[in-house]
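Position 1 is the first residue of the sequence; numbering continues from there. Side chains included, hydrogens not; waters and symmetry mates left out as well; all remaining heavy atoms used.
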Amino acid sequence: MEATSEILIDGAPLLRVYKNGRIERLLGTQIVSAGLDSKTNVESKDVMYSQETGQSVRLYIPKNVGSTQKLPLLVYFHGGGFCVETAFSPTYHNYLNSLVAEANVVAVSVEYRRAPEHPIPVAYDDSWAALKWVASHYGGNGPEEWLNCYVDFDKVYLSGDSAGANIAHHIAMKIDTEKLDGVILVGIVLAHPYFWGKEPVGDEIKDPAVRAKIEGIWRLASPTTNGSDDPWINPIDNQSLASLGCTRVLVCVAEKDILRHRGWYYCEKLKKSGWGGEVEMIEAQGEEHVFHLHKPTCENAVAKLKKVAAFMNQDKA
């Protein structure tokens, strides 16, 4: 077998790393252009947030937004084990169009550099840089007109799925210590968050081979990690959750998702931490990890979309 085709790390179903250094991503390799979505009438465009790294965000605004209307802002971090997927894939573009239309919010979908080429903590650093760029528009003085004109910076939300939910949590923790002028983070929505740990929690799977595979994906993203109890992947046991920089949290889990128990564990620990905010849990019965992205029109996905939209509009109820 030629060296070019010899697999060094088999990270299926996400990616494979070959001995010659080639990386083959198996998911999230398609991209779609921004623009006006005919189904939702949501408009989107791509804007660079860092000249240094060349990274961009995709901005979304709902139809018929008024010139003097200020809407809540959602900053979204895509999932994919820190290794695959992109803010510009059909999966995330379609999801953000639907959510922006349902919730009537402005959204910023963040592209960040991925492992293994850019190992942890690069994804967190890029995500923080994107949020700082967003915050520069407070007071209407930023470089991007949509954010200057349409965003209510008193109503900012963070969200993500899987690894993106992990990022949203860590950014919310950082906001407590490194305040961003003018930005009030109201809440975070964590969908099927990618947290893990050396010891099983609750009824979490105990099979050593399965646990090793999940840790292996983490080690692919973070080669210098000390393992599954690294604070990046296991913040629940390694951080003071009382310092979470928002007042409301919604955690979404799926019954058949291997990460389900971590979501419940996060909520339990958050409630006992002395944080003092409101935490809600929803569990989709009979569903797998990130089902709402792959089956967006199914009953549970529609219900989840409506719940997330309501969460960002609670003060209007």
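Shortest non-hydrogen contact noted between Val17 and Pro116 is CG2-CG, 4.2 Å. Between Glu85 and Thr91, the shortest heavy-atom distance links the atoms OE2-OG1, 3.9 Å. Minimum interatomic distance between Gln69 and Asn64 (heavy atoms only, all atoms of both residues): OE1-O, 4.1 Å. Nearest heavy atom pair, residue Ala123 against residue Ser127, reads O-OG, 2.8 Å. Annotation for Asn104 and Pro72: closest pair O-CD, 4.1 Å, computed over non-hydrogen atoms.
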Discussion item. Determine whether His169 and Gln239 satisfy the following criterion, side-chain hydrogen bond (donor to acceptor under 3.5 Å, both in side chains), listing intermediate values before the conclusion.
Written reply: CA-CA 11 Å; His169 161 80; Gln239 289 180 336; 2.7 Å; yes

Worksheet item: Does the side-chain contact (heavy atoms from CB on, under 4.5 Å) test come out yes or no for Arg262 and Asp257, once each step is laid out?
Response: CA-CA 10 Å; Arg262 290 282 154 177; Asp257 183 4; over 6 Å; no

Practice prompt. For salt bridge (Lys or Arg N to Asp or Glu O under 4.0 Å), just list the numbers for Arg211 and Glu204, CA-CA rounded to whole Å, side-chain angles, deciding distance to a tenth of an Å, and then say yes or no.
Written response: CA-CA 10 Å; Arg211 296 192 71 83; Glu204 193 173 77; 3.0 Å; yes

Discussion item. Between Asn300 and Glu287, is the side-chain hydrogen bond (donor to acceptor under 3.5 Å, both in side chains) condition met? List the steps.
Written reply: CA-CA 8 Å; Asn300 281 333; Glu287 301 291 0; 2.9 Å; yes

Worksheet item: Which is it for Glu288 and Lys256 under the salt bridge (Lys or Arg N to Asp or Glu O under 4.0 Å) test, yes or no, and what are the steps along the way?
Response: CA-CA 5 Å; Glu288 307 273 0; Lys256 294 182 177 180; 5.0 Å; no

Discussion item. Could you walk me through whether Glu43 and Asp37 satisfy the side-chain contact (heavy atoms from CB on, under 4.5 Å) test, starting with their C-alpha distance in whole Å, then the side-chain angles of each, then the deciding distance to 0.1 Å, before giving a yes or no?
Written reply: CA-CA 6 Å; Glu43 193 172 354; Asp37 180 58; over 6 Å; no

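Aromatic ring orientation, Tyr124 versus Phe82: tilted (interplanar angle from 30° to 60°). Taking the six-membered ring where the residue is Trp, His78 and Tyr92 present tilted rings, their angle falling between 30° and 60°. Under the 30°/60° scheme for interplanar angles, the aromatic rings of His289 and His192 are found to be tilted.
The salt bridge (Lys or Arg N to Asp or Glu O under 4.0 Å) analysis of residues 133-149, with sequence neighbours excluded, yields the pairs Lys45-Glu144. Sorted by first then second residue, the ring-ring contact (aromatic ring centres under 6.0 Å, His included) pairs that include residues 243-265, not counting sequence neighbours, number zero. Applying the ring-ring contact (aromatic ring centres under 6.0 Å, His included) definition to pairs two or more places apart or across chains, those involving residues 39-61 are Tyr60-His93.
Within a 6.0 Å radius of CG in Asp207, more than 12 heavy atoms belonging to other residues, nucleotides or ligands are found. The local environment of CD in Glu299 is sparse, with at most 12 non-hydrogen atoms from other residues, nucleotides or ligands closer than 6.0 Å. Asn226 CG: more than 12 foreign heavy atoms inside a 6.0 Å radius.
Between Glu283 and Arg260 there is a salt bridge, with a side-chain nitrogen of the basic residue lying less than 4.0 Å from a carboxylate oxygen of the acidic one.
Once rounded to the nearest 0.5 Å, the distance linking CD1 of Ile171 with CG of Asp176 reads 13.0 Å. Interatomic distance, Ile188 CD1 to Leu250 CG, rounded to the nearest 0.5 Å: 9.5 Å. Here the CG atom belonging to Asn148 is positioned 8.0 Å from the OG atom belonging to Ser136, to the nearest 0.5 angstrom. Taken to the nearest 0.5 Å, the OG atom of Ser222 stands 9.5 Å off from the CH2 atom of Trp232. Of the inter-residue distances, the one linking Asp230 atom CG with Trp196 atom CH2 reads 15.0 Å to the nearest 0.5 angstrom. Remark: Leu74 CG to Leu158 CG distance equals 8.0 Å, nearest 0.5 Å.
The backbone N or O of Gly286 sits less than 3.5 Å from a side-chain atom of Glu255, completing a donor-acceptor pair. Proximity of a side-chain donor or acceptor of Ser89 to a complementary backbone N or O of Gln30 within less than 3.5 Å is not detected. At least one donor-acceptor pair under 3.5 Å links the side chain of Asp126 to the backbone N or O of Arg113. No donor-acceptor distance shorter than 3.5 angstrom exists from the side chain of Lys306 to the backbone of Ala103, with no hydrogens or angles considered. For His137 (side chain) and Val134 (main-chain N/O), a donor-acceptor pair under 3.5 Å exists by modelled atom type.
The closest side-chain heavy-atom distance from Trp133 to Pro143 is below 4.5 Å. Using a 4.5 Å cut-off on side-chain heavy atoms (C-beta onward), Ile23 and Leu15 make contact. Counting only heavy atoms from C-beta outward, the side chains of Val100 and Thr40 never approach each other to under 4.5 Å. A heavy-atom distance below 4.5 Å is found between the side chains of Val75 and Val110.
Aromatic ring centres of Tyr112 and His118: separated by at least 6.0 Å.
With no hydrogens or angles considered, a side-chain donor-acceptor pair links Thr225 and Trp218 at under 3.5 Å. Side chain to side chain, Glu111 and Ser56 fail the donor-acceptor criterion of an N or O pair below 3.5 Å.
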Sequence neighbours left out, cut at 3.5 Å: what donor-acceptor pairs do the side chains of residues 273-281 make with other protein atoms?
unit_1 : atom_1 : unit_2 : atom_2 : d
Ser273 : OG     : Leu270 : O      : 2.7
Ser273 : OG     : Trp275 : N      : 3.1
Trp275 : NE1    : Leu244 : O      : 3.3
Trp275 : NE1    : Cys246 : O      : 2.9
Glu280 : OE1    : Lys307 : NZ     : 2.7

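Val189 and Phe291 are assigned to two separate hydrophobic clusters, defined by single-linkage of ILVMFWY side chains at heavy-atom distances under 4.5 Å. Taking hydrophobic clusters as Ile, Leu, Val, Met, Phe, Trp and Tyr residues chained together by side-chain heavy-atom distances below 4.5 Å, Leu36 does not share a cluster with Val47.
Here the rule is side-chain contact (heavy atoms from CB on, under 4.5 Å) with Asp161, and of Tyr95, Tyr194, Tyr76 only Tyr76 fits it. Considering Glu215, Arg219, Lys198 in turn, Glu215 is the only one that fulfils the side chain to side chain donor-acceptor pair (under 3.5 Å) rule with Ser228.
Partners of Ala310 according to the side-chain contact (heavy atoms from CB on, under 4.5 Å) rule, which considers only residues two or more places apart in sequence or in another chain, do not exist here. Taking the salt bridge (charged side-chain N to carboxylate O under 4.0 Å, His left out) definition, one finds that Arg248 meets it with nothing, sequence neighbours left out.
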